[in-house]
Amino acid sequence: MAPGDSLLCRVRQWAAVIKQIRSYSGTTNKTQVSAVWRHGWIDHITSKMMTNALEAGVAAVGYEKLGIKKGEIGTHSIRSGAAMATYLGECPVYTIIMIGRWSGGTEDGARRREKVFWVANPVQAGGER
C-alpha cells in the first residue's frame, strides 16, 4: 500500500465511516455504525435487512444462473465474495489474507500473517531474491 493510500487501509476506511455518520444531524459518539440518513432521519441497517436484500437478489437472478438458492446466502457471503473478486482481479493471496484479517486451520492469525509476509518478502527475510 502506498503512503497516503486510504483505499486499502482499514483504519482510514473506518475513520471515513465514522466521519460520515458524525456528519448526520443528531449523532453522538454513541451512535452505532449501522446508522444511515434516510427519509430525513437516522435509520439503522440491520443484518436481517442485508440478508433480505441478498436473498431478493439471488431470487431475482435465479438458481439456474447462480447455482445457489436464496436460503444459502447471508451476510458472510459479502466478505467471501469480496475476497473472491479480489482474487479474480489477480491480487496476491497473502494480501487478501492480510486485508481480510483471515486466519484459519490450526495456526493463529498473527503467526500466519507473519509467515505469509516472509514468504511474500524473502529479501527482507534474508532469503534469495
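Just the heavy atoms: all of them, side chains too, but no hydrogens, waters or symmetry mates, feed the values below.
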(request) Please test Val58 against Lys69 for side chain to side chain contact (heavy atoms under 4.5 Å, CB included), starting from the C-alpha separation and ending with a verdict. (result) CA-CA 7 Å; Val58 167; Lys69 299 173 185 167; 5.9 Å; no
(request) Could you walk me through whether Asn52 and Met49 pass side chain to side chain contact (heavy atoms under 4.5 Å, CB included), step by step? (result) CA-CA 5 Å; Asn52 288 344; Met49 292 165 79; 5.7 Å; no
(request) Decide side chain to side chain contact (heavy atoms under 4.5 Å, CB included) for Leu54 and Lys70; before the verdict, give the C-alpha distance in whole Å, the side-chain angles of both, and the deciding distance to 0.1 Å. (result) CA-CA 8 Å; Leu54 290 168; Lys70 73 177 195 171; over 6 Å; no
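In this structure, Arg38 CZ and His44 NE2 are separated by 11.0 Å, a value rounded to the nearest 0.5 Å. A distance of 10.0 Å separates OH in Tyr63 from CD1 in Ile68, rounded to the nearest 0.5 Å. From Lys19, atom NZ reaches atom CZ of Arg12 across 12.5 Å, with rounding to the nearest 0.5 Å.
Residues Ser25 and Ile42 share a closest heavy-atom pair of O-CD1, 3.6 Å. Between Glu72 and Gly67, the shortest heavy-atom contact is OE1-O, 4.4 Å. What you find for Ile96 and Cys91 is that their closest heavy atoms are CD1-O, 3.8 Å.
Val17 and Met50 fall into different hydrophobic clusters, defined by Ile, Leu, Val, Met, Phe, Trp and Tyr side-chain heavy atoms under 4.5 Å apart, directly or through other members. Ile18 and Trp37 fall within the same hydrophobic cluster, defined by Ile, Leu, Val, Met, Phe, Trp and Tyr side-chain heavy atoms under 4.5 Å apart, directly or through other members. Residues Trp14 and Val36 do not share a hydrophobic cluster, clusters being chains of Ile/Leu/Val/Met/Phe/Trp/Tyr side chains in contact below 4.5 Å. Criterion: ILVMFWY side-chain heavy atoms under 4.5 Å apart, direct or through other members. Under it, Leu88 and Val93 are part of a common hydrophobic cluster.
Residue-environment remark: OH (Tyr24) exceeds the threshold of 12 foreign heavy atoms within 6.0 Å.
Looking only at distances, a side-chain donor or acceptor of Thr27 sits under 3.5 Å from a matching main-chain atom of Ile21.
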